[in-house]
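Computed from heavy atoms alone, side chains included, the values below leave out hydrogens, waters and symmetry copies.
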Amino acid sequence: MDVFHVTDLDGNKLIDEGVISYLEKSLATIHCGKPAASTDLTALELTGTDRVGLLSEVFAVLAELECDVVEAKVWTHNGRIASLIYVKDCNSGSPIKDSLKIDTIVGRLRNVLKGQDDILYAKTSVSMTVTHTERRLHQMMFADRDYERKPVLQHSDDSPVVTVQNWVERGYSVVNVQCKDRMKLLFDVVCTLTDMDYVVFHGTITTAKDIAYLELYIRHTDGTPISSEAERQRVIQCLQASVERRTSQGVRLELRTTDRPCLLADVTRTFRENGLNVTRAEVSTSADVALNLFYVTDALGNAADVKTINSVREKIGLSCLKVKELPLISQQKTEGEEQGVGVGGTVLLSLGSILRRNLYNLGLIRSYSQA
């Protein structure tokens, strides 16, 4: 039995009966949610070394080759970039199936991605199948071994704390994750464990202010716990990476305007010319309207200068490109709040874990709520 306590985006209790009904129906089906993109599109998968202006070069190549970008998501982590871009032919509006054109697209994009320093690790591929975009991005970055790499750009010091211990008596490995709370955190952690061939048997997830605590009891698919120190360290690295990939770095810019050819190429070129680096992006179009989200920093990964942001907005259009607050979680806390949650929260989590484990051993509770 799985028990979830959920709120709306503002942290309030759900009262919309339509939303509640949708959740009930979705959770009652095997295939919940919808695919990120239609089968009417061609999916381009890209991984390589991140650098300022890379996204601008990618979109410029696609515009030159008459590829219309309908949807896209871009993640960066530890100096690496992974992107899933859904395109169609500008002229016909159909998926791109011509093998010669596909070879040209793949070759051009690979040259852009590898630049001068990434000859071995830049990868491009084309897929005609429908996939879950965010799940696929995790898999791409995991295959790229981003968790082992050192960041090229400056990273936040606020990293997730992950511990892994074996509970020998019960044959489980116990994973604890403490980090800032945000949307899709549980999704990111569980997807990574699943892709590493672990099964989550029991778990508890709690939040205190803007801090999330996850305690998950896992085994290999063959029923065995983690068996070596090297494997334990690898799990810690991979889970830290799974949390950090979606962490919002930089200023959030929202572009809402009428869609047109070369729109993304022009916008990202303006970012590049003003020294802004895109750390994460989400591109979507609906009924000829483009809604694009960009998270940008300066070239070193620091907060972008306000004057630079204003200059970029003036060039692109003040009414089209707006600065938005980072979603849900405030990026600033008082020193007292940080100390209270960082120390007290950890103690409470440890005591709670010990209490639940003792109750489990005594047979007073049957199991944890599964994650």
Side-chain angles (χ1 to χ4, degrees), residues 2-14 23 26-27 32-33 36 73-78 82 132-142 146-147 155-164 173-196 198-218 235-250 252 279-282 293 295 325-333 337-338 341-342 345-346 348-349 352-353 368-371:
D2 303 328
V3 179
F4 298 97
H5 297 265
V6 300
T7 67
D8 64 15
L9 295 183
D10 297 318
N12 301 317
K13 182 177 180 179
L14 292 181
L23 287 173
S26 298
L27 293 172
C32 51
K73 286 197 176 182
V74 180
W75 288 357
T76 62
H77 180 242
N78 281 356
H132 190 291
T133 303
E134 295 169 345
R135 177 72 182 279
R136 183 61 188 144
L137 285 172
H138 274 303
Q139 293 171 340
M140 290 165 61
M141 299 207 90
F142 177 72
D146 66 316
Y147 54 88
H155 260 288
S156 169
D157 293 330
D158 190 15
S159 299
V161 177
V162 181
T163 61
V164 178
S173 294
V174 185
V175 174
N176 280 282
V177 180
Q178 177 181 329
C179 61
K180 280 192 174 183
D181 190 23
R182 60 167 173 77
M183 284 175 39
K184 302 187 179 182
L185 175 61
L186 182 59
F187 172 89
D188 294 337
V189 171
V190 173
C191 279
T192 297
L193 288 172
T194 302
D195 290 335
M196 296 178 71
Y198 296 105
V199 178
V200 179
F201 285 85
H202 312 286
T204 56
I205 297 92
T206 58
T207 59
K209 295 186 178 179
D210 62 349
I211 302 298
Y213 306 95
L214 288 73
E215 183 178 66
L216 306 176
Y217 289 70
I218 67 172
V235 170
I236 291 174
Q237 285 183 314
C238 290
L239 289 180
Q240 288 175 333
S242 73
V243 174
E244 292 172 345
R245 288 169 191 150
R246 200 198 295 267
T247 301
S248 302
Q249 302 264 345
R252 180 184 179 184
T279 61
R280 189 157 71 89
E282 298 182 11
L293 300 177
Y295 292 84
E325 294 292 333
L326 292 178
L328 295 179
I329 306 300
S330 171
Q331 297 300 299
Q332 295 183 348
K333 298 184 295 183
E337 288 176 334
E338 288 180 349
V341 174
T346 302
L348 287 174
L349 177 65
S353 301
Y368 299 84
S369 297
Q370 288 185 352

Taking atom [atom1] of [X] and atom [atom2] of [Y], what is their separation to the nearest 0.5 Å?
| X | Y | atom1 | atom2 | result |
| --- | --- | --- | --- | --- |
| E215 | T163 | CD | OG1 | 8.5 Å |
| I218 | H202 | CD1 | NE2 | 12.5 Å |
| L27 | D2 | CG | CG | 9.0 Å |
| L293 | R252 | CG | CZ | 5.0 Å |
| N176 | L216 | CG | CG | 8.0 Å |
| Y213 | D181 | OH | CG | 10.5 Å |

Out of the candidates D188, V161, L185, only one should pair with V243 under the side chain to side chain contact (heavy atoms under 4.5 Å, CB included) rule; please name it. L185

Checking side chain to side chain contact (heavy atoms under 4.5 Å, CB included) between R280 and each of R246, H77, K73, which is the one that passes? R246

Check whether any side-chain heavy atom of [X] sits under 4.5 Å from a side-chain heavy atom of [Y], and report yes or no.
| X | Y | result |
| --- | --- | --- |
| R136 | H132 | no |
| T247 | K180 | no |
| L193 | L239 | yes |
| H138 | S242 | yes |
| V175 | Y198 | no |

Which atom pair, heavy atoms only, marks the closest approach of P160 to Q240?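 So the two residues come closest at O-NE2, 3.5 Å.
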
Of the non-hydrogen atoms in F142 and C238, which two are nearest, and what is the gap between them? CE1-SG, 3.7 Å

Checking the side chain of [X] only, and the main-chain atoms of [Y] only, is there a donor and an acceptor separated by less than 3.5 Å?
| X | Y | result |
| --- | --- | --- |
| T279 | Q249 | yes |
| D8 | D10 | yes |
| D146 | N78 | no |

